[in-house]
Amino acid sequence: MKKIIPGLRRAAATAVIGTMVSVGSIAVAPTASAHSGEVTATTAVNIRTGASINSSRIGVLYRGQSVTAIDSSNGWTKVSRGGRTAYIASAYLSGSKPATAAKSSSRAVSSTGGNLNRGGSSGLNQTNPNTKKIIGHIWATQPAIKTMFGKRNSSTPDHPAGRAVDVMIPNYRTNKALGWRIAEYYRANARQFGINYIIFDQKIWSVGRNAQGWRAMSGRGSDAANHKDHVHINTYG
């Protein structure tokens, strides 16, 4: 039986995206088997200046990206990235590459017979190809997400045109970190998924104003209207 390294559960909370459940029952990925050489991220995970979740975050290693490991100890792997030494939680590194996002998305669609709607979801089958790719990827990589909404009537044109998906965050008032992990992941991979803009927690990011980062939005009243309970992802097409 593998020894559970103290602090590993806390380190797992630094993951940007992946299987995220309560800390008390978090599923921990296998520690990278190699202490040196090339290792690959099994999910998006923070890169830090030191071997602690309290160390400054200096970047993100996304799922499928590789980095050179120097050594590993106490649940952290020292890596060389761009000529700079940094640290990544070992639980999210592997000696082999995970399946690509495109393959995961295809499996998610085929496993439901082409029907993207699950649970209380609706309008997902009527979205455009870019949005469907996002939906399939979320179903394949985010088991914490149970509900999404696609094409529907709205005062704005995106949902009626099938260009957007609302990713509902369970227990959003205490689970904001999950929403931000999802929002940040798709922001970083906007080109791959054909994304135009993303809204979450009363903030918006758009491709056209990327340099400005997340911009504050004026209050619209309810949490739903202010996008606090869901991540809105809008695509081209």
Side-chain angles (χ1 to χ4, degrees), residues 4 7-29 41-46 53-54 57 60 62-63 89 91-92 101 104-105 108 111-112 115-124 127 131-132 134-152 154 156 158-159 164-189 193 195 197-205 213-234:
I4 303 300
L8 188 57
R9 293 179 186 275
R10 293 193 300 273
T14 65
V16 178
I17 197 166
T19 304
M20 301 303 296
V21 293
S22 62
V23 171
S25 60
I26 193 164
V28 179
T42 59
T43 188
V45 62
N46 288 323
I53 60 173
N54 297 318
R57 185 172 71 90
V60 175
Y62 291 99
R63 186 173 187 268
Y92 296 97
S104 297
S105 177
S111 65
T112 58
N115 181 14
L116 290 170
N117 294 309
R118 300 182 184 180
S121 302
S122 64
L124 303 184
T127 55
T131 305
K132 285 180 179 177
I134 295 168
I135 294 166
H137 186 249
I138 289 174
W139 283 145
T141 62
Q142 293 297 301
I145 300 301
K146 305 299 182 184
T147 308
M148 290 188 277
F149 298 109
K151 186 174 182 177
R152 59 176 172 79
S154 175
T156 58
D158 297 326
H159 279 291
V165 60
D166 287 340
V167 183
M168 308 307 296
I169 306 301
N171 303 313
Y172 69 91
R173 288 190 176 90
T174 57
N175 205 16
K176 188 180 294 185
L178 172 61
W180 276 116
R181 284 190 289 272
I182 292 173
E184 289 286 10
Y185 176 84
Y186 288 102
R187 173 189 175 182
N189 293 277
F193 290 97
I195 293 170
Y197 67 85
I198 302 171
I199 305 175
F200 179 61
D201 197 24
Q202 208 170 329
K203 294 179 175 61
I204 183 172
W205 168 85
W214 291 97
R215 311 187 307 275
M217 301 178 69
S218 58
R220 298 180 180 179
S222 68
D223 284 355
N226 286 325
H227 299 78
K228 290 182 175 293
D229 63 349
H230 69 278
V231 180
H232 174 97
I233 306 176
N234 188 79

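Please read these numbers as outputs of a predicted model, since none were measured by experiment.
- Note: H137 and Y185 meet the aromatic proximity criterion, with ring centroids under 6.0 Å apart.
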The test is side chain to side chain contact (heavy atoms under 4.5 Å, CB included); show your working for L124 and K132 and say whether it passes.
CA-CA 7 Å; L124 303 184; K132 285 180 179 177; over 6 Å; no
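- One distance of note links CD1 of I233 with CE of M148; it measures 9.0 Å at 0.5 Å rounding.
- Here R181 contributes atom CZ and N46 contributes atom CG; the two are 9.5 Å apart, rounded to the nearest 0.5 Å.
- Note that the CZ atom of F200 and the CG atom of N226 stand 11.5 Å from one another [nearest 0.5 Å].
- More than 12 heavy atoms of other residues, nucleotides or ligands shown are found within 6.0 angstrom of CG on D223.
- By the side chain to side chain donor-acceptor pair (under 3.5 Å) test, N175 is found to be paired with no residue, residues two or more places apart in sequence or in another chain being considered.
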Salt bridge (Lys or Arg N to Asp or Glu O under 4.0 Å), that's the test. Do R173 and D229 meet it? Break it down for me.
CA-CA 8 Å; R173 288 190 176 90; D229 63 349; over 6 Å; no
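- Taking the six-membered ring where the residue is Trp, H230 and H227 present tilted rings, their angle falling between 30° and 60°.
- Closest heavy-atom contact between P170 and A144: CG-O, 3.4 Å.
- Taking the side chain to side chain donor-acceptor pair (under 3.5 Å) definition, one finds that S218 meets it with nothing, sequence neighbours left out.
- The aromatic rings of W214 and W205 sit tilted relative to each other, their planes meeting at an angle between 30° and 60°.
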Just do the side chain to side chain contact (heavy atoms under 4.5 Å, CB included) check on W139 and S121 with the steps written out, would you?
CA-CA 12 Å; W139 283 145; S121 302; 3.7 Å; yes
Check step by step if side chain to side chain contact (heavy atoms under 4.5 Å, CB included) holds for D166 and H159.
CA-CA 9 Å; D166 287 340; H159 279 291; 3.1 Å; yes
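- Note that the CD1 atom of I145 and the CD1 atom of I135 stand 12.5 Å from one another [nearest 0.5 Å].
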Steps toward side chain to side chain contact (heavy atoms under 4.5 Å, CB included) verdict (Q142, L178):
CA-CA 10 Å; Q142 293 297 301; L178 172 61; 3.5 Å; yes
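- Closest approach of I198 and R187 over heavy atoms only: CD1-N, 3.4 Å.
- The aromatic rings of Y186 and F193 sit perpendicular to each other, their planes meeting at more than 60°, with 30° as the lower class boundary.
- A donor-acceptor contact shorter than 3.5 Å is absent between the side chain of N234 and the backbone of Y197.
- With sequence neighbours excluded, no residue forms a salt bridge (Lys or Arg N to Asp or Glu O under 4.0 Å) with K203.
- Considering only heavy atoms from C-beta on, I134 comes within 4.5 Å of I195 through its side chain.
- A donor-acceptor pair under 3.5 Å is absent between the side-chain atoms of K228 and the main chain of A225, judged by distance alone.
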